Protein chains: 2
Amino acid sequence: MPLPQTEVPGRLQAELMSRGLRMTHQRRTILSVVETAKQHLDASQILRQARRLDPGIDRVTVYRTLGLLKRHGLIDELDLMHMQGEKHFYERRPQRDHIHMACLRCGKIAEFESDLFDRLKGQIQRECRFHIVVSRLEVGGYCAECRASN
Amino acid sequence: MPLPQTEVPGRLQAELMSRGLRMTHQRRTILSVVETAKQHLDASQILRQARRLDPGIDRVTVYRTLGLLKRHGLIDELDLMHMQGEKHFYERRPQRDHIHMACLRCGKIAEFESDLFDRLKGQIQRECRFHIVVSRLEVGGYCAECRASN
DNA sequence: TAATCTATTGCAACTGGGTTTCAACTTACG
DNA sequence: CGTAAGTTGAAACCCAGTTGCAATAGATTA
């Protein structure tokens, strides 16, 4: 399932600047990588891509920028069931939360939006009086293809 | 009056043995720690508790045993929104999955069972033809107490 | 436009959770 | 009891992520 391309390029930059943050060359580079990514990238992949645009960039700057984006709620951090070590993956925060399904056999990641998920979060907020800032639903299992070819 | 004991002691042990796994002294110790835990423990806490019962136990044995229990679906691994570094937490797999709510202010972890959650998983299995083996729903936000005292 | 102030960067060293390797040791089983 | 295969501990290792600090570069002001 490909990631939907629903955002105007430059939106993350605009968001950060509107919050009064200093816009450096390195940040612009990292933001553009995250913004135009077609799949979920981990920090080292983001570093590699950013270095193609600005070879001097350091991995610590990538980590710091990802932390910044996370704190501002502009990106989400995913674990994807820790199928490939302990690395984390990142994606622009979507308008509507979705579920990540990780196939334990082929490693494919699929996404799924569901009204039930939205209702569940509403129930949590109401019944537990818990104000949700970030949510993450990940499931591990076997996708249709892998179940068939078994 | 004794505390309510939700599980029969030794259930994890019995499960593992019934699957033909070798029952060593170290495993029995680690299993009893996990089984009687009153909160979510990370690997180093499990090690510390296990060493009170068997001082010679090594952390590598704890990691291996936790991996074993995970592979057999007897415990679940939690991230709890990575609020305290990158450590993982463990709990016996419950009969019915629950949601973990992590308060970003006071750090408290609350649990919540929901019919909507069960239905959502059913929807994923049906509509995505995805066979769920493990699921993890974690939300970060602010609990009722922290919202009040702000 | 230049001066200034302060956030940000890069580097190197470090941290910490988790894994690998391998010889020595146990456990289960006949 | 003897054996074979699974398990353990110790040390070294791996790797994602963080910290301390001097140098640098945005933003702001004059």
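Letters A, B, ... are given to chains in the order of the sequence lines, protein chains preceding strands, and every chain is numbered from 1. Remember, predicted model here, so these are calculated numbers, not experimental data.
One finds a side-chain N or O of H88(A) lying less than 4.0 angstrom from the OP1 or OP2 phosphate oxygen of dG17(D). The side chain of H25(B) contributes no N or O atom lying less than 4.0 Å from OP1 or OP2 of dT26(C). For Q26(A), no side-chain nitrogen or oxygen approaches OP1 or OP2 of dA25(D) to under 4.0 Å. Checking the phosphate oxygens (OP1, OP2) of dG18(C), a side-chain nitrogen or oxygen of Y63(B) falls inside 4.0 Å. Under 4.0 angstrom from either OP1 or OP2 of dG9(D) there lies at least one side-chain N or O belonging to T61(B). An OP1 or OP2 oxygen of dG6(D) is reached within less than 4.0 angstrom by no side-chain nitrogen or oxygen of T24(B).
Between H40(B) and H100(B), the ring planes lie perpendicular to each other; the angle is over 60°, past the 30° to 60° tilted range. Y142(A) and H131(B) have parallel rings, their planes meeting at less than 30° on a 0 to 90° scale where 60° marks the start of perpendicular.
Side chain R64(B) to base dG9(D): a donor-acceptor pair is found below 3.5 Å. No donor-acceptor contact under 3.5 Å links the side chain of R59(B) to the base of dG9(D).
Applying the ring pair (Phe, Tyr, Trp, His ring centres under 6.0 Å) test to H72(A) and every residue at least two apart in sequence or in another chain returns nothing.
The nearest heavy atom of DNA chain C to L68(A) and to R51(A) marks one nucleotide each, and the one closer to the 5' end goes with L68(A). With the nearest nucleotide of DNA chain D identified for both V60(B) and D42(A), V60(B) has the one nearer the 5' end. Judged by closest nucleotide on DNA chain D, R22(B) is the one of E86(B) and R22(B) placed further toward the 5' end. Nearest-nucleotide mapping onto DNA chain C: of R28(B) and R27(A), the residue sitting toward the 5' end is R27(A).
Salt bridge E145(B)/K108(B): present, at least one basic N to carboxylate O contact under 4.0 Å. Ion pair D79(B)/R136(B) flagged as a salt bridge, since at least one NZ, NE, NH1 or NH2 atom sits closer than 4.0 Å to an Asp/Glu carboxylate oxygen.
Spacing between atom CZ of R48(A) and atom P of dC15(D) amounts to 14 Å, rounded to whole angstrom units. Distance, D79(A) CG to dG17(C) C1': 14 Å, rounded to whole Å.
Contact annotation for G56(A): backbone-only contact, meaning every heavy-atom pair under 4.0 Å involves sugar-phosphate atoms and none involves a base.
Looking at the side chain of D58(A), the nearest of the listed nucleotides dC11(C), dG17(D), dT8(C) is dC11(C).
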